Amino acid sequence: MSQSLDRLVERQIQKALAEGQLSGLEGEGKRLPNRSGEAFTDMANAVATRIMAEAGALPEEFKIKKLLGAAKQSYQEAKGDDAKRVAMALIADLQQRYNVAVEARRRFMGP
């Protein structure tokens, strides 16, 4: 059964190539994106996240994670105790918001 499915898929690919249906596609000639982080993720979540990212609608946790990275960088660059304290407070706030957003998405998406 598996070999016949493989042959069918291969024929369909060859037919599409011959008809030019696979030329001019977005990303043609470019390397595939590194999605190794999705290896241990539920397939439905990975696909949903990718679709939202391509549409420019990232989940809140992704936006917060980006801000968190910037806040950590500013902490490393901070001069003086006051600046470090302010940066650390921002990191703590963002980390808490990130954890809440992740948990909210997990509960929304189900078990």
Side-chain angles (χ1 to χ4, degrees):
M1 177 78 173
S2 178
Q3 290 178 344
S4 62
L5 181 62
D6 288 345
R7 284 193 301 268
L8 174 65
V9 169
E10 187 60 34
R11 278 196 312 266
Q12 292 296 325
I13 291 172
Q14 293 304 319
K15 180 181 174 189
L17 279 171
E19 294 174 356
Q21 294 177 356
L22 299 179
S23 61
L25 297 174
E26 181 182 344
E28 182 179 10
K30 296 179 184 173
R31 297 183 74 141
L32 291 173
N34 180 3
R35 295 194 175 119
S36 58
E38 295 178 4
F40 303 107
T41 306
D42 173 33
M43 181 60 75
N45 284 342
V47 170
T49 301
R50 189 175 325 130
I51 289 170
M52 289 188 328
E54 289 172 1
L58 287 175
E60 186 67 21
E61 67 193 79
F62 285 60
K63 296 172 189 174
I64 296 171
K65 190 172 185 178
K66 189 174 183 179
L67 290 172
L68 188 57
K72 288 178 179 179
Q73 181 66 33
S74 73
Y75 174 80
Q76 291 176 345
E77 297 170 355
K79 305 280 192 239
D81 290 339
D82 288 339
K84 286 191 181 283
R85 232 179 270 118
V86 168
M88 187 58 83
L90 178 60
I91 290 170
D93 178 59
L94 289 171
Q95 186 66 54
Q96 185 175 11
R97 288 174 46 201
Y98 175 77
N99 292 340
V100 168
V102 168
E103 183 62 26
R105 182 186 53 80
R106 284 189 183 140
R107 287 181 184 210
F108 178 74
M109 298 298 273

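Since we're looking at a predicted model, the values are computed, not measured.
Remark: K65 NZ is loosely packed, at most 12 non-hydrogen atoms of other residues, nucleotides or ligands lying under 6.0 Å away. Few gaps surround CD on Q21; more than 12 heavy atoms of other groups in view lie less than 6.0 Å from it.
In this structure, CD1 on I64 lies 10.5 Å from CD on Q96, to the nearest 0.5 angstrom.
Residues V86 and I91 fall into different hydrophobic clusters, defined by Ile, Leu, Val, Met, Phe, Trp and Tyr side chains chained together at heavy-atom separations under 4.5 Å. Clustering ILVMFWY residues whenever any of their side-chain heavy atoms sit less than 4.5 angstrom apart, transitively, puts Y98 in the very cluster that holds L94.
The two residues S23 and E28 come nearest to each other via the heavy atoms C-OE1, 3.6 Å. Smallest separation of non-hydrogen atoms from I13 and L22: O-CD1, 4.1 Å. Counting all heavy atoms, side chain and backbone alike, V102 lies closest to E61 at CG2-OE2, 3.6 Å.
Of the candidates Q12, E10, R11, Q14 forms a side chain to side chain donor-acceptor pair (under 3.5 Å) with just one, namely E10.
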Run the side-chain contact (heavy atoms from CB on, under 4.5 Å) check on M88 and R85 step by step: do they pass? CA-CA 5 Å; M88 187 58 83; R85 232 179 270 118; 5.7 Å; no
